[in-house]
Amino acid sequence: MNATAVYAIFIQTFKDAIRTKWLISFTIVFLLLAVNIPLLVLLSAGYLPPNYLSVFLTNLVGVSFPFLPLLSLPMGSTVIVDERESGTLEYMMSNPISRFEFILGRLLGMAVATSAVVMLGYGIAAVGAYNVNLAGYGLVAITLMIALVLNAVMLGIAMTLSTLSKRKNSALGIAIFIWFLFTSLSNVGFLSIVFTLASGPWTAVPFVLLNPIQLATYLVPGLTGGDLTSQGSVGFLLAHLFHQSAWVILSAALAIWLIFFVCLTLFIFTRLDLA
Amino acid sequence: MLNVQRVSKFYGKKAALDGVSLEVPVGVHMLILGPNGAGKTTLIKCVMSLVRYSGDILVDGIDSRRQAKKARSMIGYVPQSYALYDNLSVMEHALLSARLKGVGSSEIVEILTTVGMLDAKKKKVRELSSGMRQRLGIALALIGDPPFLILDEPTSNVDLRGRFEFQKILDGLLDQGKTVLSTTHFAGLGEMATQVAVMDRGKLVAVGDPDNLLSKMKVNSTIYLRIGTPDSQKALEILRAAGAIEIRDEEHWTAVTLPPESRMAAIGNLMKENLRVEDIIVERMAIESEYLKLLEGDEAS
């Protein structure tokens, strides 16, 4: 593998991504979401109990996870198709680099740029606003890791979409629709409880496993020692069905989402007519 | 040598290329002629392994599909649209190309100087004129000193000045011994080509050197003469004897239409007789325009 070429593509992608207006705007909005000003006010007034961290994490996940895909889905869905439309993909691929090296450089560049935003948001929230102790930092770090994996999953989906699409606008439209589908599916998850009355509790499981946002949301209490039942009726159902192994199943499902879409992007791109 | 063997490319059921075989020997400039949609660009994309195809393409014996990276390392490619990253400067682009090609940056200054872009090295691509973009495209293709150059419609998006500058650069590259494969549907490159391939509707219809092709096509030459009054009658007799098909007066000139193989003999005979030929213009036949006329006629019929 030509590591110099991959690094050059990675750096170029990263620099391009951090200059994007969407990324800059999203960073500001995400910071405000993560910092959670009402909690900050309560904290400064001394109204929060000492164990407020679990409350904060539940709140943080509930508020920020559904919006997290809005970072990588639009950005990732246009990255390849835009180059194809403008012709720069032809220029890049006329150089002695393999398709794998190109897509790897692009994926890494996008992943690092979008991850930086997520880390910045949660990091500043943890350090500046919540003043947590060392153990608390560990819990925030786990939440951050889950957020990064969710971001990477969304990037994988977006890049697959970008390699398949012929037009930038349609890729962007489908990406937004996918976000809508996943955030709506969260509600469908709750609706699934209704179905369980007739079909048994297992009916709800596919709704969770087929939605990476839900997977990540339920994984946070699973990995931070929190109460899965605090995430509502579906959380209660998962706790009932899987007991202590719920986090293993949720982690495995999220990992499968990530691996599947990254591999799918590579598979499609290496077999595509590029010009 | 660039060796294209029975290459076909289908988009759905439509054949963009239909069993094209072509050899480009080392050190020649092969020009692929053909109207829009003839398959010229598709052939180049196959050579660059940018699209899937059936058949075989060997770049100096290297399979362009199975060893695409290695094959591409031997080719400098200038695409039709000069699509480059608008937000990068000329120098940043050159550095990116050098890294992608795995070569050092030491040769960049020399290459930018060759194409006359060194003064613009800090300019962003979006600030460049079409001619400058073309020259930058050539500079990027030259990084790594590839023995083959592929230029897709190199003069289609540039103005007249850009075309002249391009021809000058191309002359220099041919002098350096580069093997060049270029395409055009315009006139202006034919006289710089040592070999010409004509494509139409996905097929190769003729290959050869430009003069041979013209004589095979039996396209007549026209020469324009200014002959002093006392000698004009004798001159006309010599021209008729040399095989002139048509002789007509055009303002102060005598226009003589001849078969291409008789052209030099006719001029030679006039000189031998020491006639008062005051001026002579030999109309250069552009292989590209003659072939395109022929293909258009064929399509119309």
Side-chain angles (χ1 to χ4, degrees), chain A residues 1-24 75 78-106 108-109 113 163 166 168 266-275, chain B residues 9-11 16 41-42 44-53 59 62 64 66-88 92-93 95-105 125 133 136-137 140-141 143-144 146 148-152 157:
Chain A
M1 192 195 292
N2 183 352
T4 316
V6 175
Y7 182 70
I9 298 164
F10 159 72
I11 290 292
Q12 188 215 7
T13 315
F14 177 76
K15 282 183 179 173
D16 266 359
I18 58 169
R19 284 187 205 130
T20 326
K21 282 177 190 159
W22 179 250
L23 187 124
I24 296 164
M75 287 184 68
T78 53
V79 70
I80 303 292
V81 68
D82 192 22
E83 289 211 64
R84 219 160 144 197
E85 268 186 4
S86 68
T88 50
L89 185 61
E90 195 178 339
Y91 154 69
M92 288 297 279
M93 292 314 300
S94 67
N95 288 292
I97 54 168
S98 69
R99 292 179 181 212
F100 175 77
E101 287 164 353
F102 174 80
I103 205 78
L104 185 67
R106 284 280 182 263
L108 288 175
T163 50
K166 295 259 191 295
K168 185 181 169 182
L266 291 169
F267 180 81
I268 296 168
F269 190 73
T270 50
R271 280 156 184 80
L272 208 64
D273 279 352
L274 298 179
Chain B
K9 170 72 188 167
F10 285 82
Y11 289 105
T41 299
T42 307
I44 281 180
K45 284 174 181 173
C46 291
V47 173
M48 295 308 296
S49 203
L50 293 169
V51 295
R52 287 171 299 165
Y53 59 88
V59 183
I62 296 159
S64 90
R66 290 180 188 86
Q67 294 171 282
K69 258 175 83 169
K70 202 171 173 190
R72 284 201 287 252
S73 71
M74 305 183 76
I75 303 172
Y77 173 51
V78 185
Q80 188 175 358
S81 54
Y82 310 114
L84 301 164
Y85 295 102
D86 282 348
N87 58 336
L88 293 186
E92 284 169 336
H93 241 302
L95 285 169
L96 175 65
S97 280
R99 284 177 193 137
L100 294 177
K101 291 181 181 190
V103 297
S105 53
V125 168
R133 284 172 83 101
L136 175 59
L140 300 179
I143 291 172
F148 293 91
L149 274 178
I150 295 185
L151 313 164
D152 191 9
N157 291 321

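Residue numbers start from 1 in every chain, and the chains themselves are labelled A, B, ... in the order their sequence lines are given, proteins ahead of strands. Hydrogens, waters and symmetry mates are skipped; everything else that's a heavy atom, side chains included, is used.
- Within the 4.5 Å cutoff, no side-chain heavy atoms of Arg99(B) are placed close to those of Ile9(A).
- Interface remark: Ser49(B) contributes backbone atoms only to the contact with chain A (heavy atom separation under 4.5 Å).
- In this structure, Tyr11(B) places its OH atom where more than 12 heavy-atom neighbours from other residues, nucleotides or ligands lie under 6.0 Å away.
- When all heavy atoms of Thr88(A) and Ala83(B) are compared, the closest pair comes out as N-CB, 3.7 Å.
- Taking a 6.0 Å sphere around OH of Tyr7(A), one finds it holds 12 or fewer heavy atoms contributed by other residues, nucleotides or ligands.
- Between the side chains of Ser86(A) and Tyr85(B), not a single donor N or O lies within less than 3.5 Å of an accepting N or O.
- The side-chain contact (heavy atoms from CB on, under 4.5 Å) test applied to Arg99(A) returns Met93(A), Phe269(A), Thr270(A), Leu272(A), Leu274(A), not counting sequence neighbours.
- A search for side-chain contact (heavy atoms from CB on, under 4.5 Å) contacts involving Lys69(B) returns Asn2(A), Ser98(A), Glu101(A), not counting sequence neighbours.
- The closest side-chain heavy-atom distance from Lys9(B) to Asp273(A) is below 4.5 Å.
- Interface summary for chain A: among Ile75(B), Leu95(B), Thr42(B), Asn87(B), the most heavy-atom pairs under 4.5 angstrom belong to Asn87(B).
- A 4.5 Å side-chain heavy-atom check between Glu90(A) and Lys45(B) finds at least one atom pair inside the cut-off.
- Just one of Asn95(A), Ile97(A), Thr4(A) meets the side chain to side chain contact (heavy atoms under 4.5 Å, CB included) condition when paired with Lys101(B); it is Asn95(A).
- If you measure heavy-atom distances from Leu140(B) to chain A, the contacts under 4.5 Å come from the side chain alone.
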